[in-house]
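Beneath this line is the structure, given in structure tokens, with notes to follow.
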Amino acid sequence: MDLQKFHKIDENLTSSEVAQLKFLCMDLIPKKRLETVTDAKDLFQRLDEQALLDDGLLVPELLITIGRLDLLGILKMTKDNVERKLLQRDASKGVSAYRKMLFGISEDMTEENFRAVKFLVELPRAKLGTSATFLDVMIEMEKLQKLGEDNLDELYCILDKCDKQLACRIEEYRAQEQGGRLPLREVSGNVQVSFPDESMLSCQMDIENALRRGSLVTDSDTESRMGEYYNVTHRPLGYCLIINNYNFKERSSLSNRTGTNKDKDDLSRVFRRMHFEVEVRDDQTASDMKDVIMLFAKKDHSCMGAFVCCVLSHGEKGTVLGVDGKEIEIRELTVPIAECRTLASKPKLFFIQACQGNEGQNGLLAADAPGNATEEDPYEEDAYNPAAYSIPIEADTLIGMATVERYQSYRHIKDGSIYIQELCNQLEKLCPRKEDILSILTNVNREVSLKSLRGRKQMPEPRYTLTKKLVLPMD
């Protein structure tokens with residue numbers, strides 16, 4: 001054991017990270033010996049006593065698991081190098097898949113869900129009062145034999161009431177432990193229905209009775225277990241491309257899109273909170289937009305779970321415009337992404353802030369359409385395009401249009417567009433509550449349609465071929 005290197009690692013770990021390491025090592029070190037551990041140096045000493053540091057891989061594995069890749073440099077190792085070696089190592093010498101699965105669930109546990117867990121789990125109040133983290137709760141459950149490698153039903157039922165995505169982690173773990181066999185399912189259309197075993201059903205009934213007796217109501221209390229969900233556990237979850245067209249005057253006769261930078265900034269913030277890797281492209285010509293879409297269509301999305309593209313521009317029916325005033329059909333944006341093989345069966349979301357027709361506008365609202373506005377007259381007039389371009393929607397695709405065809409969408413010259421601002425508002429409000437994207441867009445439709453735009457109205461339109469429910473994560 002290289003004490004100097006381990007001392008340096010210990011100096012860079014927080015107390016909560018040491019607690020995480022202790023949890024991951026619970027199957028490797030006798031409980032009595034683990035209780036006396038106060039820092040990482042003590043933990044590494046206990047592991048050395050168990051002859052678990054001989055191959056030099058356990059500490060790097062632990063650091064990778066808790067996300068401290070920066071500390072691998074102290075050991076002169078890299079993540080790729082360690083993972084290659086781990087594939088050749090006896091699995092019994094490392095952190096168990098069971099322990100890693102529980103740790104992964106704890107990492108994605110929100111405060112709201114943690115409060116629900118503490119309400120649902122049957123633990124002595126004194127123990128719950130001292131349980132500051134979800135890891136603490138699971139440790140107490142293990143002590144009472146309410147949780148174990150072959151005893152996951154109670155935890156599954158609790159998570160199913162709080163966050164179905166987290167409950168699915170247990171299903172995935174069980175499938176892996178059974179040699180890749182998935183739970184028994186019956187297919188009905190595009191919906192797959194899981195059939196839990198008797199002990200799980202009994203547990204679920206107990207929790208439902210507890211909810212009826214208590215005062216806590218979660219968003220999923222009245223939902224059944226029916227339905228499949230897209231996997232949104234990848235980090236990063238995917239790319240979010242934002243095409244933000246503002247400066248039209250330099251290359252065309254169209255007006256600049258004042259207020260669009262507010263939309264760009266808010267979309268960037270919201271999708272970063274959802275673990276997307278945001279990339280912004282400002283002032284794109286029609287040719288630029290085609291090129292950047294092809295660039296993202298050719299990327300490898302294998303390690304990601306979704307793709308998002310937001311287009312903020314002027315538009316006509318079935319098209320959006322580049323800053324050179326030239327049209328690009330919306331289908332030229334959606335089809336290349338839909339044909340990307342590494343995005344197959346993954347949700348592909350497009351949000352289009354652009355006019356689709358020639359209605360007028362009033363007030364401090366500018367329509368996203370061609371026109372000759374000035375600073376004194378900040379309104380733009382749409383030019384309806386009689387060519388009815390079709391917008392094909394391939395599988396697992398959602399297109400959120402700011403307005404229905406033949407009508408304008410509205411953008412405030414300071415506060416951003418009506419549609420994008422409401423979209424950001426509803427995503428930030430409802431994603432933490434685990435609402436699915438279609439429910440969220442229904443709320444967007446309602447809120448936008450209720451707004452009075454100096455006598456005008458706007459009606460957004462989502463079009464989709466999603467085959468599963470999409471619940472986007474948000475910290």
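- The shortest side-chain heavy-atom distance between Gln353 and Leu423 does not fall under the 4.5 Å cut-off.
- Looking only at side-chain heavy atoms (C-beta outward), Met304 and Pro236 come within less than 4.5 Å of each other.
- A distance of 13.5 Å separates NZ in Lys346 from CG in Leu470, rounded to the nearest 0.5 Å.
- Contact annotation: the side chain of Leu58 approaches that of Leu47 to within less than 4.5 Å [non-hydrogen atoms, C-beta and beyond].
- Without hydrogens or angle criteria, Thr36 side chain to Leu34 main chain gives no donor-acceptor distance under 3.5 Å.
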Exercise. Report the C-alpha distance between Arg89 and Glu61 in whole Å, list the side-chain angles of each, state the deciding distance to 0.1 Å, and finish with yes or no for salt bridge (charged side-chain N to carboxylate O under 4.0 Å, His left out).
Key: CA-CA 11 Å; Arg89 186 190 65 175; Glu61 181 184 15; 2.7 Å; yes

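- Between Ile170 atom CD1 and Ile158 atom CD1 the span is 9.0 Å, to the nearest 0.5 Å.
- At a threshold of 4.5 Å between non-hydrogen side-chain atoms, the residues Cys309 and Leu349 do not count as touching.
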Self-check item: Test log, rule side chain to side chain contact (heavy atoms under 4.5 Å, CB included), inputs Ile420 and Leu267
Solution: CA-CA 8 Å; Ile420 294 297; Leu267 285 169; 3.7 Å; yes

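- With contacts defined as side-chain heavy-atom distances shorter than 4.5 Å, the pair Met101/Ser96 does not qualify.
- For the residue pair Arg331 and Pro336, the shortest heavy atom distance occurs at O-CD, 4.0 Å.
- Contact between Leu427 and Ile437 at its shortest, heavy atoms only, is CD2-CD1, 4.0 Å.
- Residues Glu49 and Phe44 fail the side-chain proximity criterion, which asks for heavy atoms closer than 4.5 Å.
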Quiz prompt | Residue pair Lys5, Asp10: steps toward the salt bridge (charged side-chain N to carboxylate O under 4.0 Å, His left out) verdict | solution = CA-CA 9 Å; Lys5 289 181 179 179; Asp10 177 56; over 6 Å; no

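- Between the side chain of Asp263 and the backbone N or O of Ser417 there is at least one donor-acceptor pair closer than 3.5 Å.
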Exercise. For side-chain hydrogen bond (donor to acceptor under 3.5 Å, both in side chains), just list the numbers for Gln45 and Asp48, CA-CA rounded to whole Å, side-chain angles, deciding distance to a tenth of an Å, and then say yes or no.
Key: CA-CA 5 Å; Gln45 181 65 46; Asp48 192 40; 4.6 Å; no

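- Nearest approach of Arg46 to Val37, heavy atoms of both residues: CG-CG2, 3.8 Å.
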Quiz prompt | Working for side chain to side chain contact (heavy atoms under 4.5 Å, CB included), residues Ile66 and Phe103 | solution = CA-CA 9 Å; Ile66 68 170; Phe103 178 77; 3.8 Å; yes

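- Using a 4.5 Å cut-off on side-chain heavy atoms (C-beta onward), Ile242 and Ser268 make contact.
- Between Gly305 and Pro347, the shortest heavy-atom contact is O-CD, 3.3 Å.
- In summary, Glu142 and Arg99 engage in a salt bridge, as defined by a charged side-chain N under 4.0 Å from a carboxylate O.
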Quiz item: Where do Leu43 and Ile29 land on the side chain to side chain contact (heavy atoms under 4.5 Å, CB included) test, with the steps shown first?
Solution: CA-CA 9 Å; Leu43 182 65; Ile29 300 174; 3.6 Å; yes

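- Inter-residue side-chain proximity for Asn445 and Tyr419 is flagged as unmet; no heavy-atom pair is nearer than 4.5 Å.
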Practice problem: Determine, stepwise, if the pair Glu461 / Thr403 fulfils side chain to side chain contact (heavy atoms under 4.5 Å, CB included). | Solution: CA-CA 6 Å; Glu461 180 188 16; Thr403 183; over 6 Å; no

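- When the side chain to side chain donor-acceptor pair (under 3.5 Å) test is applied to Thr78, no partner is found at least two apart in sequence or on another chain.
- Considering CG of Leu21 and CZ of Arg68, their distance stands at 10.0 Å, rounded to 0.5 Å.
- Here the CG-NZ distance, from Leu24 to Lys22, works out to 12.5 Å after rounding to the nearest 0.5 Å.
- Evaluation of the ring-ring contact (aromatic ring centres under 6.0 Å, His included) rule for Phe350 yields no partner, not counting sequence neighbours.
- Across every non-hydrogen atom of Cys431 and Met474, the tightest pair is CB-CB, 3.9 Å.
- Side-chain atoms of Glu140 never come within 3.5 Å of backbone atoms of Val137 as a donor-acceptor pair (strictly under, hydrogens ignored).
- Considering only residues two or more places apart in sequence or on other chains, Asp266 meets the side-chain contact (heavy atoms from CB on, under 4.5 Å) condition with Lys262, Arg269, Gln421, Cys424.
- Remark: the backbone N or O of Tyr230 is not paired with any side-chain donor or acceptor of Lys469 at under 3.5 angstrom.
- Summarising the local packing, CG of Asp150 is surrounded by 12 or fewer heavy atoms from other residues, nucleotides or ligands at distances under 6.0 Å.
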Quiz prompt | Glu83/Lys79 under salt bridge (charged side-chain N to carboxylate O under 4.0 Å, His left out): CA gap, chis, key distance, verdict | solution = CA-CA 6 Å; Glu83 290 180 339; Lys79 182 174 181 285; 2.9 Å; yes

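- Atom CZ of Arg281 sits about 5.0 Å away from atom CD of Glu279, to the nearest 0.5 Å.
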Exercise. Determine, stepwise, if the pair Arg84 / Asp80 fulfils salt bridge (charged side-chain N to carboxylate O under 4.0 Å, His left out).
Key: CA-CA 6 Å; Arg84 280 196 299 270; Asp80 290 342; 5.3 Å; no

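- The environment of NZ in Lys8 is sparse: at most 12 heavy-atom neighbours from other residues, nucleotides or ligands sit within 6.0 Å.
- With sequence neighbours excluded, the residues forming a side chain to side chain donor-acceptor pair (under 3.5 Å) with Asp42 are Thr38, listed by chain and number.
- Scored by the side-chain contact (heavy atoms from CB on, under 4.5 Å) test, Thr342 finds Asp300, His301, Ser302, Cys340 as partners (sequence neighbours excluded).
- In this structure, Tyr239 has its ring center closer than 6.0 angstrom to the ring center of Phe296.
- Atoms CD1 and CG, on Ile330 and Leu333 in that order, are 7.0 Å from each other to the nearest 0.5 Å.
- Between the side chain of Gln284 and the backbone N or O of Asp282 there is at least one donor-acceptor pair closer than 3.5 Å.
- The heavy-atom pair separating Glu332 from Ile293 by the smallest distance is O-CG2, 4.0 Å.
- The side-chain contact (heavy atoms from CB on, under 4.5 Å) check on Thr233 picks up Arg169, Asn231, with sequence neighbours excluded.
- Of the possible polar contacts, none joining the Ser106 side chain to the Phe134 backbone as a donor-acceptor pair under 3.5 Å is found.
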